[in-house]
Every structure is written in C-alpha cells, then in structure tokens.
Undergrad: 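My questions all concern the structure below.
Every heavy atom of this structure was used, including side-chain atoms; hydrogens, water molecules and symmetry mates were not.
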Amino acid sequence: MPVLVEKDPGVVQSLAGAVPPGSHVVDGHQRLDAWLARHSEEYVVVLGPSVDLESAVSITSSLRYTRPTTSVVLIRNDAELDTSVLKQAMQAGARDVVPASDGAAVKAAVDAAYHLWIALRGPGGATRLGRLVTVFSPKGGVGKTTTAVNLALALADGGTRQVCLVDLDLAFGDVAITLQLFPTHTIEQAIGSEDSVDQALLESLLTRHEDYLMVLAAPSLPDARDRITPRLVTRLLQALRESFEYVVVDTAPSFDEITLTALDETDECVLLSTLDVPTLKNVKVAVETMDLLRIAMEHRHLLLNRADDAVGIDHDKVEAILGMPIACDVGTSIDIAAATNAGRPIVLDHPSHPASIAFKKLAAALVHDPVAPSGPSAAAAPPPEREERRRFFGRRRGAR
C-alpha cells in the first residue's frame, strides 16, 4: 500500500480520495524510515507538500538505490511547480511530480507506480498475509465491541501497523457508531461479489478513522444480514489479510454461520467473559464447542471484563471453571463508557488508564506471536476439520 508523508491533516484529508483507503500516513522522514524498515512490500512513497524540496530530494535519492522497486511521487503546491523543481526531482529518481490541487493526477501517478511494481516483481511476488484476530463471546452485553475497537486501536499504535477492524455483527453492529463514523459504504455493498473480491472493491467498502484505522462497517439495517453469505465473508477476510498486518473482527454473540466463518479463518481468538455465573457458563460451553471444532487451538486469549473482586468470584476460580489462563483483565470504570460515548475510545482518550494498559498488553501479546504463513499456498484449501464443523452445525456453509 502507498505511504503518504505529510504532517498537515488538512492535506491528508484532501488527498484521501486520491490514494487507496488502506494507505499509511506518517508525518516525517524519520517515521518513514522506521516504517519502511519493517515493510518491504510498499510500492510507492508519496511525499506531500509539507516535505521541503531538499528533504524530498534526499529521500528520493536514497530510495532509488536502497528500494529500487518503490516509486516516489512528489506532490507540490501549484506555486512551487517550476522547471527547477521538476529537474531536481527527476534527477533524484522521482517517478512523478504532480500538483496538490490535481487529485486525478495524484491517483494516476499512484496507479502507475503500482503497475510498475507488479511488472518488476511479478503478481505473486512477496505476498504476506496478515493475522486475523477474532473477538468473540457467546453472551451479549459483555463489552465485545468496546474490546474489539480498543484492541484494534492498540494494535495500530498510532500508525505503526496497518490494521482493519471488521464488524461482523451484521444485524446490530456498533463499531461505526462507537468510533463516530458515518460510512457511505458497508459490507452490504459487497453482496453478490463472491467471485469478484479484489483490491478495488475493498477500497470502496472501507472507511478511514482518523487514528490510523480502517473499518469495514456492518450494514445500517439488519435485513441485509440474510443476504450476506459465508462465502463472501471468507473472500473478504482473505483479501483483507493480504492488505493489512492485522484484521480484527467483531462478531455476533452466537455461533451463527458468519461467526463460524470468521472463526474458521482466525489466527487468534480473544474470548470475553464477565464475573457472573450465567456468562461464565456460556463461555465454558463456547470453549468446549471450540475444542470440539478445533478452533484456534493454542491461540485463545481470555479477557476478563468488569473484573471486580467484590462480586465474589476471583481470578483463580474463573481459570478453573474455563480451563484457560486469563490473558488480561479490565476493571469496571465509568471512564470507559464516557470515552466511548464521546467517540474517543479509552485507548485514545486516556492512554495511561488501567483499561488502556490492559488492551495494549493484549495487543503486545498478539504482536509477539509468530507471523502468519505467507505465499500463494497460505490461502489454499481449508483444513480438513472445517467440513466437520459445518456438518456439526447441520448445514454446509456456502450452500446459499
């Protein structure tokens, strides 16, 4: 995906339609260097008008020799475009120089850089699959969406990683409203596209959150749920893994077909529970069901929400009941609800809050796990046990 170097939020916003939605934004050359050191797959660096010409020439010259397959597109304010600027940029190795006011020219330059990258590396070159993290609880009202949103933001870490948050609670998903986003497109617009999921479709579905997070929102009305097939969800999740380092999925509180589809694809599963007997009972049944279906074996993380000792059930008892260790716990706090209601989740609103520290701890645990396999074979046929899962629930997914 493109990397845009620009420190002016207004300029970033104005360029949003000219670069793919999954593009990464950094505010200077130091962050660019740090990002490129960890990401070998970037095909273009777009230098915004806030990057002075001397720095732009230096960056371009360096990339010309250290990353010859990565193009540089230089954007200048109209008043700065003259023969001298063009000559210096081209001598340094810039692929194109375009005016900031011409969004179509920026888009064309980025597209040309992508086609050049494909020609140099080949369409199958350096495929890297991101990790898919599913947030699940069989009980509603336990803070699942709040967890998914804060975990996704913690993983993004202010733009350090490319993260997409997917709302698969197709009837009553709250991810968009939690982040105070008003998406023009949701997963509903992908209905019927099972055989044509590509980068262009993904870009049209995603909504950008200002804090370096992309969101695939749930439909605005629940009636669309029955028209979204498990096969479409599988294709979308697999395509997202090719574009993002982490894909965080918020699910419905049940083992429906869509949730099972997400769990089939998942690398890591975050299970939520609270300290009340009905929820613990339901989570225990869910764990036993996941064991039976061999879902995310050895890759489950128990998050205990509203973890207050005063209710009479301590951590040791929870671990004994569920047969798994607690990865992290989040105590009851009015600050969490207040931050959510303000549209600034706790990780953003109060980074040093105990809840924020807990979500960051969980994110760190996920990051330190081994990276998902890559290459064409990684997205091949599903493991044999998936057929057992489908028969167990009485219906083959994809039968629609």
Undergrad: Strictly by modelled atom types, are H185 and T207 linked by a side-chain donor-acceptor pair under 3.5 Å?
TA: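 Checked: H185/T207 side chains show no N/O donor-acceptor pair below 3.5 Å.
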Undergrad: May I ask you to say whether D329 pairs ionically with K361, meaning some side-chain N is under 4.0 Å from a carboxylate O?
TA: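 A salt bridge is absent here (no side-chain N lies under 4.0 Å from a carboxylate O).
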Undergrad: To the nearest 0.5 Å, how far apart are CG in L132 and OG1 in T266?
TA: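 Rounded to the nearest 0.5 Å, the CG-OG1 separation comes to 5.0 Å.
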Undergrad: With the threshold set at 4.0 Å, does a side-chain nitrogen-carboxylate oxygen contact exist between E257 and R225?
TA: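 Answer for the salt bridge query: no.
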Undergrad: Just by distance, do the side chain of S356 and the backbone of I346 share a donor-acceptor pair under 3.5 Å?
TA: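 Checking the backbone N and O of I346 against the side chain of S356, a donor-acceptor pair under 3.5 Å is found.
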Undergrad: Would a distance-only check, ignoring hydrogens and angles, find a side-chain to backbone donor-acceptor pair under 3.5 Å from T274 to N305?
TA: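 Not at all, since once roles are kept as given, no pair shorter than 3.5 Å links the two residues.
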Undergrad: I need the C328 SG to L362 CG distance, nearest 0.5 Å.
TA: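 Answer rounded to 0.5 Å: 4.5 Å.
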Undergrad: Determine whether a donor-acceptor pair (N or O, by modelled atom type, separation under 3.5 Å) exists between the side chain of R161 and the backbone of L155.
TA: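 Looks like yes, one N/O pair under 3.5 Å.
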Undergrad: Taking Q189 for its side chain and T186 for its backbone only, find out whether a donor-acceptor pair lies under 3.5 Å.
TA: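 Pair found, side chain donor or acceptor close to backbone of T186.
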Undergrad: Main chain of P351, side chain of K360: is a donor-acceptor contact present, judged purely on distance under 3.5 Å?
TA: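 The answer is yes, because a donor-acceptor pair under 3.5 Å joins these two groups.
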Undergrad: Within a strict 4.5 Å, meaning less than it, do heavy atoms of the T147 and F359 side chains meet?
TA: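 Side chain of T147 against side chain of F359, heavy atoms only: contact under 4.5 Å found.
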Undergrad: Would you find more than 12 non-hydrogen atoms of other residues, nucleotides or ligands less than 6.0 Å from I177 atom CD1?
TA: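 Not more than 12 within 6.0 Å, no.
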Undergrad: List the residues meeting side-chain hydrogen bond (donor to acceptor under 3.5 Å, both in side chains) with D167, not counting sequence neighbours, and say none if there are none.
TA: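 side-chain hydrogen bond (donor to acceptor under 3.5 Å, both in side chains) list for D167, sorted by chain: empty.
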Undergrad: Could you tell me whether the side chain of H350 and the main chain of S352 form a donor-acceptor pair under 3.5 Å?
TA: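 Not a single qualifying donor-acceptor pair exists.
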Undergrad: Is there any ring pair (Phe, Tyr, Trp, His ring centres under 6.0 Å) pair reaching into residues 129-174, and which pairs are they, with sequence neighbours excluded?
TA: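 Residue pairs passing ring pair (Phe, Tyr, Trp, His ring centres under 6.0 Å), neighbours aside: F136-F255.
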Undergrad: Is N341 reaching over with its side chain to a backbone N or O of A337, donor-acceptor style, under 3.5 angstrom?
TA: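 Flag set: sc N341 to bb A337 pair under 3.5 Å.
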Undergrad: When you look at S50 and E6, which way does the side-chain hydrogen bond (donor to acceptor under 3.5 Å, both in side chains) test go after all the steps?
TA: CA-CA 6 Å; S50 70; E6 177 57 51; 2.9 Å; yes
Undergrad: Dump the intermediate steps for salt bridge (charged side-chain N to carboxylate O under 4.0 Å, His left out) on E268 and R300, then the final yes or no.
TA: CA-CA 6 Å; E268 309 289 338; R300 301 175 193 163; over 6 Å; no
Undergrad: Would you find a donor on one side and an acceptor on the other, under 3.5 Å apart, between the side chain of S62 and the backbone of I59?
TA: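 Here the side-chain-to-backbone pair does not exist.
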Undergrad: Is there a donor-acceptor pair under 3.5 Å between the side chain of D8 and the backbone N or O of G10?
TA: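 Yes, D8 side chain to G10 backbone: donor-acceptor pair under 3.5 Å.
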Undergrad: Do the side chain of S58 and the main chain of E54 share a donor and acceptor less than 3.5 angstrom apart?
TA: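 Side chain of S58 to backbone of E54, a donor-acceptor pair under 3.5 Å: no, none is there.
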Undergrad: Just by distance, no angles: are the side chains of T279 and D276 close enough, under 3.5 Å, to form a donor-acceptor pair?
TA: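 Note: T279 and D276 side chains meet the donor-acceptor criterion.
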Undergrad: Give me the one residue out of D174, N150, D250 that meets side-chain hydrogen bond (donor to acceptor under 3.5 Å, both in side chains) with T145.
TA: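 Single side-chain hydrogen bond (donor to acceptor under 3.5 Å, both in side chains) partner of T145 among D174, N150, D250: D250.
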Undergrad: If we check side-chain hydrogen bond (donor to acceptor under 3.5 Å, both in side chains) with S71, which of these qualifies: R64, R95, E42?
TA: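 Of the listed options, the one satisfying the test is R95.
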Undergrad: When the ring planes of Y212 and H24 are compared, do they come out parallel, tilted or perpendicular, using 30° and 60° as the limits?
TA: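 Rings of Y212 and H24: tilted, 30 to 60°.
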